[in-house]
Amino acid sequence: MLTINLLREQSSTVIDRLRIKNFDATDIVNHVLDLDRRRRELQVESDAVQAELNNLSKVIGSMMKEGRKEDTEAAKKGISIMKEKQKLLSENFDMVSEELQKELIRLPNLPHPAVAPGKTPEDNVIVRSGGRLPELQPDALPHWDLIKKYDIIDFDLGIKITGAGFPVYKGKGARLQRALINFFLDEGGKAGYREIEPPILVNEDSGFGTGQLPDKEGQMYHVGIDNLYMIPTAEVPITNIYRDVILDAADLPVRNVGYTPCFRREAGSWGAHVRGLNRLHQFDKVEIVQIAHPDTSYESLEEMVKHVESLLVKLELPYRIVRLCGGDMSFTSAMTYDFEVYSAAQQRWLEVSSTSNFEAFQANRLKCRFREKGAKQTTLCHTLNGSALALPRIVAALLENNQTPQGVKMPAVLVPYTGFEMIS
RNA sequence: GGAGAAAUGGCAGAGUGGUCGAUUGCGGCGGUCUUGAAAACCGUUGUUCGGGCGACUGAACCGGGGGUUCGAAUCCCUCUUUCUCCGCCA
């Protein structure tokens, strides 16, 4: 959520910048400013009455000590009208505060000035690409046929056990999953990230902190009996480690990496292009999260982009990095790089990572702050995260791009992890 | 799941209705002393929202929410969490 200060001081900038995201903020901003004024008026009034009440209570206290019973009773009577007034004021204050909060969280994060305007993925900017596009045999198979041929991932079994979108990985398929997870975690560790194994169910506060709640409720599986949500990404529990935390500036940036399964209901998003591993309800992902100083958060973003890119290079996959245009960016992001790998048999680019700087947007919800050495004041941190990486589409690309008449060849870097060179 | 105990500032730990935002110790920060350091001594040390150009000043916060009262860290209700004992269990 944007800070109220930003709106007070630069409301026109906010409106202008949100146009890049194709969001007309005029009405909300005006409403927020109006509510903010009313809220402050009410606070001044309510605080004054409360101060008087506090004072009178003290007076009554000392009168009782002196044994002036009649004066005490008289004072008590006078106080009740004031209490009514105070009750009304503070109720109004609470109402206005709540409405202000509700309006404030409707505003998306401002895109960074470097973000291009645009409406669709067509308008995204390709930053760079790498790797070589493979030349496949004419009879090359898409991954959904390959997994059947080698019997390594079983969708029907998943349907039997759970439902569509919950595949069962078998034999070398399961082994490949474990290999990728370990490889990604190890690489994260080498890059200075602390490994985290977080809970995969989170409470409402956590869902709010990273921005899934209240709006994207329908995208998460909800365990109603305990009011917990299954995480759609490790970003949620790992970033929430820093909810209500004040860090030392010297400790920034904080780097964490974690593997979790991820659960997404994907309500209404089924259709073309979601065959096989392209879209699932449950999938595995390794996520990197940084909490950064505002002055250096874009250096952190660059560092994360380089890290994700290095993974794709090591896996020998053809990839491209795109910077999302305003219209394609998420509600919470200030700048996002998507990573796509080329899936040769499908002849499509598949998104395998989304790496973003949220600046202070999440931190404001999380109340994640830092303090400069010796300073009294606290400042909101910047939060960032990125997939490093999401497994299913990596697996799809590995299978399709590396297929040979003898089987699917594993990239060299994975062999120590898989224990085999070929799926055949 | 059953029975009991508890939750206080960075940590430890007082405080059972009235100048308590909270004694004290440790830690942190600043200073005196010292060639330097340690020790000792002195001072300082939470968060949030407001008002004021400023000096300064108001309100809220003792796990969360509600209640009683002129007044609540302190009493009542409720939720959550932790600990001990019993049961169950990977």
Side-chain angles (χ1 to χ4, degrees), chain A residues 1-9 32-105 197-209 213 223-229 237 240-252 254 261 360 363-381:
Chain A
M1 129 181 107
L2 298 174
T3 62
I4 186 70
N5 267 336
L6 185 69
L7 288 164
R8 279 180 198 155
E9 288 160 15
V32 163
L33 290 176
D34 183 48
L35 288 166
D36 179 49
R37 264 188 299 272
R38 274 165 57 201
R39 197 181 69 92
R40 278 186 290 173
E41 280 165 17
L42 283 165
Q43 182 173 353
V44 170
E45 221 178 320
S46 160
D47 279 3
V49 177
Q50 186 61 53
E52 204 171 336
L53 280 168
N54 290 347
N55 224 343
L56 281 172
S57 290
K58 281 180 191 166
V59 172
I60 289 174
S62 52
M63 286 197 295
M64 284 181 78
K65 254 181 209 160
E66 293 164 21
R68 292 153 58 191
K69 262 202 173 148
E70 280 171 31
D71 291 347
T72 311
E73 289 311 309
K76 279 191 196 179
K77 264 181 200 154
I79 239 168
S80 68
I81 295 169
M82 221 189 287
K83 275 186 76 176
E84 281 301 310
K85 187 176 169 191
Q86 164 58 14
K87 198 180 163 201
L88 209 69
L89 282 168
S90 74
E91 277 170 4
N92 276 333
F93 175 81
D94 289 345
M95 262 168 50
V96 172
S97 301
E98 213 173 291
E99 204 182 338
L100 175 63
Q101 171 84 355
K102 260 193 200 154
E103 285 294 281
L104 212 45
I105 64 173
E197 184 179 309
I200 59 176
L201 269 73
V202 295
N203 59 29
E204 276 185 329
D205 285 345
S206 294
F208 177 81
L213 295 175
V223 183
I225 191 166
D226 291 307
N227 195 26
L228 296 172
Y229 293 87
N240 270 281
I241 293 172
Y242 300 95
R243 171 154 50 85
D244 294 318
V245 167
I246 299 174
L247 296 155
D248 288 335
D251 294 335
L252 301 175
V254 173
N364 191 30
R365 285 180 163 218
L366 293 160
K367 298 206 167 43
C368 170
R369 293 157 293 173
F370 71 95
R371 203 195 317 262
E372 301 284 0
K373 192 173 164 60
K376 211 170 153 57
Q377 221 183 348
T378 60
T379 313
L380 290 172
C381 297

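In what follows, every chain begins at residue 1, and chains take the letters A, B, ... in the order their sequences are listed.
- Remark: RNA chain B forms stems of 3 or more consecutive Watson-Crick or G-U wobble pairs, all pair distances under 3.5 Å, at B:1-7 with B:80-86, B:10-12 with B:24-26, B:27-32 with B:40-45, B:46-51 with B:56-61, B:63-67 with B:75-79.
- Along RNA chain B, read 5' to 3', the first and last nucleotides having any atom under 4.0 Å from a heavy atom of chain A are B:G18 to B:G71.
- Between the OH atom of A:Tyr242 and the CG atom of A:Leu247 there is a distance of 7.0 Å, given to the nearest 0.5 Å.
- Heavy atoms of A:Gln50 sit under 4.0 angstrom from primed sugar atoms or phosphate atoms, though from no base atom.
- Comparing the same atom, C1', in B:G51 and in B:C83 gives a spacing of 46 Å after rounding to whole Å.
- Look at the P atom in both B:G21 and B:A73: the space between them is 8 Å, to the nearest Å.
- Within the model, atoms CG of A:Asn364 and SG of A:Cys381 stand 11.5 Å from one another, a figure rounded to the nearest 0.5 Å.
- Spacing of P atoms, B:G13 relative to B:G36, comes out at 39 Å, to the nearest Å.
- Between B:G65 and B:A60, the two C1' atoms lie 16 Å apart (nearest whole Å).
- Residues A:Ser206 and A:Asn203 have side chains that bring a donor and an acceptor to within less than 3.5 angstrom of each other.
- Looking at heavy-atom distances under 4.0 Å, A:Ser46 makes no contact with the nucleic acid at all.
- As judged by a 4.0 angstrom heavy-atom cut-off over every strand, A:Leu56 is placed among residues making no nucleic acid contact.
- The distance from the CZ atom of A:Arg371 to the CD1 atom of A:Ile246 is 5.0 Å, given to the nearest 0.5 Å.
- Here CD of A:Glu41 is found 9.0 Å from CZ of A:Arg38. Values are rounded to the nearest 0.5 Å.
- To the nearest 0.5 angstrom, A:Gln43 atom CD is 12.0 Å from A:Gln50 atom CD.
- When the P atom is used for both B:C42 and B:U24, the distance is 12 Å, rounded to whole Å.
- For the C1' atoms, the distance linking B:U81 with B:G27 amounts to 26 Å, nearest Å.
- For CD of A:Glu91, the number of neighbouring non-hydrogen atoms (other residues, nucleotides, ligands) closer than 6.0 Å is greater than 12.
- In terms of position along RNA chain B, the nucleotide closest to A:Gly61 lies nearer the 5' end than the nucleotide closest to the other residue of the pair A:Asn55 and A:Gly61.
- At most 12 heavy atoms of other shown residues, nucleotides or ligands fall within 6.0 angstrom of atom CD in A:Glu98.
- Taking 4.5 Å as the limit, every side-chain heavy atom of A:Asp36 sits out of range of all side-chain heavy atoms of A:Leu7.
- For the P atoms, the distance linking B:A7 with B:A14 amounts to 9 Å, nearest Å.
- Remark: the separation of the C1' atoms in B:G25 and B:U8 is 15 Å, to the nearest Å.
- Heavy atoms of A:Arg8 sit under 4.0 angstrom from primed sugar atoms or phosphate atoms, though from no base atom.
- For the pair A:Ile60 and A:Arg39, nearest-nucleotide mapping onto RNA chain B gives the more 5' position to A:Arg39.
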